[in-house]
Every structure is written in structure tokens, then in C-alpha cells.
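Note that the numbering runs from 1 along the sequence shown for the chain. Everything quoted here is computed from the prediction, not taken from an experiment. Note that ligands are numbered from 1 as they come in the structure, with each ligand's atoms numbered from 1 the same way.
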Amino acid sequence: MTTNHWSKTSYRHKTALQQPNWPDPAHYEHIVQTLSKLPPLVFAGEIRELKSQLAEAAQGRAFLLQGGDCSEEFARCTAPNIRETLKVMLQMAVILTYAGNKPVVKVGRIAGQYAKPRSSDTETVNGLVLPSYRGDMANDIEATEEARRPNPDRLLQGYHMSAATMNLLRAFTRGGFGSLHRVQAWNQEFVKQSPMGRNYERMAKRISDAIKFMQTIGIPTDTPQLKETQFFTSHEALFLGYEEAMTREDSTEAGGWYDCSGHMLWIGDRTRQPDGAHVEFLRGVRNPLGMKVGPKYEVDTILSIIEILNPENEPGRMTLITRFGARQIDKYLPPLLRAIKRAGLNVLLTCDPMHANTFSAESGRKTRNFDDILSELQCFFELNWAEGTIPGGVHFELTGDNVTECIGGGRHLAPEDLNLRYLTTCDPRLNAEQSLEMAFQIAEMIRS
Ligand code: PEP
Ligand code: CO
């Protein structure tokens with residue numbers, strides 16, 4: 001299977017699924033070379049910090065909140081969009097921390113989530129057979145032969161968009177926007193008018209009062225714990241040429257190779273073959289790794305991938321992101337939990353309640369029902385408790401925008417409402433209000 005020698009190009013000898021068919025190999029190589037000379041987007045020290053926080057979550061001493069777009073888009077790389085996504089994640093984190101009594105590790109699907117796996121290489125639009133849209137880093141969603149032709153210049157553009165996003169995230173999280181002093185100001189107008197917004201408002205007021213009380217009795221509130229926040233980035237490590245180019249050797253004495261395209265990388269449900277190129281590439285970088293696990297998994301395969309990716313059983317290195325669906329989780333999760341427990345593996349167990357709860361509404365729009373999402377999460381917690389394992393985090397597709405992509409929730413979005421503001425180019429996301437509502441529900445689960 002794997003030989004021991006690893007280099008950032010050793011994956012090239014293995015089969016890589018889900019890669020765009022780059023039409024001009026010389027052009028592609030040129031772009032990968034160009035990217036490999038550009039500055040890293042994130043740094044080894046930050047990656048190690050995230051890993052140690054994930055190790056805490058695996059022990060039940062913290063909780064992972066991972067979320068963002070299914071697929072980021074170049075055209076939506078704007079300050080308001082980035083700010084709204086960050087804001088809803090910060091609000092959810094405050095809810096989980098305050099109501100759930102646990103520090104929350106915040107990881108966005110952001111600043112690099114531009115590559116998508118697809119079930120088929122081609123799709124038929126209005127009778128035209130076209131290459132599938134594989135994310136903005138590969139091609140354009142527009143349904144023409146020209147737009148769908150993979151173009152490696154897009155890898156470079158994706159790098160620059162990620163850098164711009166990262167820059168704003170750093171400014172927002174260090175420059176006061178992410179300060180707990182602003183916890184009330186984060187409540188957006190449209191959310192404020194809703195029952196969920198009012199719940200949040202009440203909680204935010206209690207936090208602000210507590211901060212004021214501290215100030216009154218002379219406890220310093222000018223501290224980084226209150227004034228700054230940590231926000232990490234993640235994406236699916238799918239296009240291996242891009243990931244290879246962003247992989248650098250740590251220049252401090254700690255050493256080792258880090259994929260500096262994002263803090264945490266995950267391997268998708270479709271690309272996690274033990275002898276495949278994605279596993280080969282990821283085993284050699286020291287980032288914390290996620291692995292999606294859907295209903296088609298085999299226990300022995302999962303165990304052998306974990307053994308390849310984390311031979312030292314290092315805490316914080318591996319996060320399992322299970323996605324079985326509300327109706328199937330009770331069948332698929334317990335055997336996995338038992339096997340992990342029996343093997344004594346240090347793994348952070350998290351739930352993606354989105355990807356196996358997708359269906360098409362009558363209009364043909366892909367959607368998900370708020371109640372299915374909630375129900376998969378509830379089962380995830382209960383099944384972990386029953387097995388004596390730790391439910392350590394959640395993984396969402398969400399946006400701070402007022403979209404209508406998932407049905408249900410406090411406002412009872414109906415299938416007919418999907419057309420109002422359906423913006424995603426890929427999977428349906430929770431909107432800001434649905435996200436907050438979800439966070440209040442999860443806080444209840446964490447507390448019990
Ligand atoms: C995703 O997270 O958008 C995704 C494609 O997930 P999965 O690999 O679980 O299908
Ligand atoms: Co998705």
C-alpha cells in the first residue's frame with residue numbers, strides 16, 4: 001500500500017479521483033510552480049495551536065464548531081459576505097460557550113473552500129453535455145462549453161481570493177470586531193426582529209452586564225480573551241496540485257511539513273481510498289485532518305486510513321466528520337464508535353448533519369429540512385452517550401446571509417419559499433436565523 005517515503009509529490013504516483021481534467025499540462029505545471037513561490041496563507045504555529053485545541057475537544061473539554069459555504073465563490077468574496085459569515089459563527093460560538101458551558105473552537109469552511117467533488121464528470125444542461133462544475137478553482141458554473149473548461153489560472157485566482165479573505169478575517173478577529181464587548185452589536189437587523197434574535201439579545205445582554213460588572217469592581221476587561229477571538233480556516237483538500245504548492249517545511253526548529261493553504265484540511269467521502277493519492281498526500285503534512293464518513297464506509301477501511309494518517313495516535317490530528325442522515329445514523333454510527341473505542345484511537349468525533357439529508361423539492365431545488373438536521377444531531381449526541389464516547393463537534397453548511405435554501409426552522413420556510421433567495425451554486429445552507437436556532441438547540445444537548 002503506502003511506502004514509507006513521503007514527499008509533497010509522492011501522491012503523484014497514486015490514483016487521484018475528482019481532479020479537473022486540466023486541458024494543458026504545461027500551463028498547469030507552470031501555475032503550480034508559481035503558487036509554490038507565493039507566501040503561505042496560514043502558519044505552522046497557528047496550525048499547531050488548532051491541533052492542541054482539537055485535542056481538548058476530543059477529550060470533551062472544548063467543542064468544535066465548523067461551518068461555512070458548501071462552495072465559496074469568487075464573485076462573493078466581498079467584505080460584507082465575509083463579515084456576515086464570521087458574525088454568525090461568532091454568535092453561534094457565544095451561544096454554545098455561554099449556554100453550553102464549553103470553550104468553542106471556531107473553524108470556518110472559508111478562505112479556500114473552492115474545490116468540489118462531483119458524482120459525475122459531466123452533466124447535461126438543456127440537452128448539452130458539459131463538464132461538471134467542480135468549484136470556482138476549476139471552472140465556471142455558467143453552462144457553456146467554454147465556461148466549464150477547467151482553467152488552472154483559477155487556482156491562482158483562488159489563492160488570491162483566499163489571501164484576501166484571510167486578511168479580512170485576521171483584521172476582524174484581532175481588531176475589535178470579534179471582541180466580546182460587541183456581543184450585542186453582532187445581532188443583525190433581520191435576526192433581531194425574530195424570536196431567535198430576541199433569545200440571542202437576552203443572552204448577549206447578560207454577557208454585556210457581566211462584563212460591565214467586572215469593569216465596575218476593577219477586573220481588567222481590556223484583555224485578549226475578551227477583545228480578540230481565534231478563528232481558524234478549513235477546506236476540503238481536493239485539488240492536490242494546489243495543496244502540494246502550498247505545502248512548506250516549517251522553518252522553526254520544530255520542523256515538519258505543513259500545508260499552509262488552511263489550518264485544517266479534510267478528506268472527502270469520495271476521495272478517502274487508503275491507497276489513493278489524497279491519503280498519500282495528507283499523511284505527510286502535519287495539519288489537523290478531518291475525514292468525512294458516509295453510509296458506504298467499511299469499519300476496517302476507516303481504521304486503516306486512520307492508521308496511515310495518524311500512526312502515532314496523536315491527539316488533535318484526526319477528526320471524524322460523520323454524515324449518515326437522520327434516518328440512518330442509528331444504524332451506521334454505533335459500529336463506528338465501537339470500533340474506534342475498541343482500537344483506543346484518539347479521534348475527535350463530530351457530526352455533519354447536512355450532507356446525507358439532502359433532497360430535491362418539487363421545484364427541483366436541492367434542499368434540506370431543519371428538522372432532519374436537528375434530528376441527526378440529537379441522535380449523534382445520544383448514540384455517543386450510549387456508547388460512552390464523546391460527541392465533540394458539529395459541521396454545518398451555513399451563511400450569514402438571509403437565504404432561503406433549507407426549509408423549516410422558526411420561520412417555517414416552505415418548499416415554495418426556496419425561490420425567494422436561493423443563492424448557492426452547490427449545496428443548500430442554513431441562513432443566519434436557522435444557524436442561531438440550531439446553536440441554541442445544540443447548547444441544550446451539550447449541557448446535558
Ligand atoms: C462537502 O462537505 O461539501 C462534501 C462534498 O461532503 P462529502 O464529502 O461528505 O460528500
Ligand atoms: Co456540500
Side-chain angles (χ1 to χ4, degrees), residues 16-20 64-73 76 85 89 107-121 123 132-138 141 158 233-240 243 262 264-273 276-279 281-282 289-297 301-302 305 309 318-326 328-329 332-333 336 349-360 365-369 372-373 376-377 380 393-399 403 405-406 422-431 434-435:
L17 299 182
Q18 298 284 346
Q19 304 303 292
L64 170 64
L65 171 65
Q66 190 173 16
D69 290 324
C70 175
S71 176
E72 288 182 280
E73 286 166 64
R76 295 190 169 269
T85 301
M89 288 282 288
V107 179
R109 288 174 62 114
I110 200 166
Q113 175 55 19
Y114 290 114
K116 296 309 297 173
R118 303 315 296 250
S119 32
S120 164
D121 259 350
E123 88 181 294
S132 295
Y133 170 63
R134 290 188 173 275
D136 273 7
M137 264 223 246
I141 185 85
T233 62
S234 70
H235 61 266
E236 176 171 352
L238 188 66
F239 296 167
L240 292 174
E243 303 302 339
M264 177 180 181
L265 305 166
W266 78 85
I267 186 164
D269 198 39
R270 296 167 188 78
T271 46
R272 50 165 182 73
Q273 298 71 35
H278 291 81
V279 169
F281 175 75
L282 288 172
L289 302 177
M291 173 160 63
K292 293 289 199 95
V293 185
K296 288 196 198 112
Y297 80 92
T301 311
I302 300 300
I305 302 169
L309 295 177
M318 283 304 301
T319 297
L320 283 198
I321 309 167
T322 60
R323 42 165 317 296
F324 296 130
Q328 303 196 82
I329 183 171
Y332 291 108
L333 186 63
L336 187 61
L349 300 162
T350 73
C351 177
D352 162 2
M354 312 300 286
H355 283 90
N357 289 313
T358 318
F359 65 95
S360 291
R365 296 266 193 220
K366 265 207 277 182
T367 189
R368 292 157 175 161
N369 190 324
D372 293 337
I373 297 168
E376 177 160 358
L377 281 174
F380 176 77
V394 286
H395 184 117
F396 289 110
E397 288 183 340
L398 55 77
T399 170
V403 299
E405 297 172 4
C406 292
Y422 192 97
L423 300 182
T424 184
T425 50
C426 211
D427 291 336
R429 303 159 294 178
L430 295 173
N431 61 29
Q434 291 169 326
S435 300

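Aromatic ring pairs are classed by plane angle as parallel below 30°, tilted from 30° to 60° and perpendicular above 60°; the pair Y297 and F324 is tilted.
The Co ion (ligand 2) lies closest to atom OD2 when only the N/O/S atoms of D427 are considered. The name of the N, O or S atom in H355 nearest to the Co ion (ligand 2) is NE2. When the Co ion (ligand 2) is compared with the N/O/S atoms of E397, atom OE2 turns out nearest.
Shown here for L238 and Q19, the closest heavy-atom pair between the two residues is O-NE2, 2.8 Å. In plain terms, the two heavy atoms of L282 and A237 that are nearest each other are CD2-CB, 4.1 Å. The two residues R134 and R118 make their nearest non-hydrogen contact at NH1-N, 3.9 Å. Of all heavy-atom pairs spanning D372 and A326, the tightest one is O-CB, 3.5 Å. Looking at every heavy atom in both residues, Q328 comes nearest to P295 through NE2-CG, 4.1 Å.
Side-chain N/O atoms of H235 and E243 include a donor and acceptor closer than 3.5 Å.
Metal site remark for the Co ion (ligand 2): C70 contributes an N, O or S atom at a distance under 2.8 Å.
With respect to D269 and R272, a salt bridge is recorded, a charged nitrogen being found less than 4.0 Å from a carboxylate O.
Residue-level contacts of ligand 1 at the 4.0 Å heavy-atom threshold are C70, R109, K116, P117, W266, G268, D269, R270, K292, R323, H355, E397.
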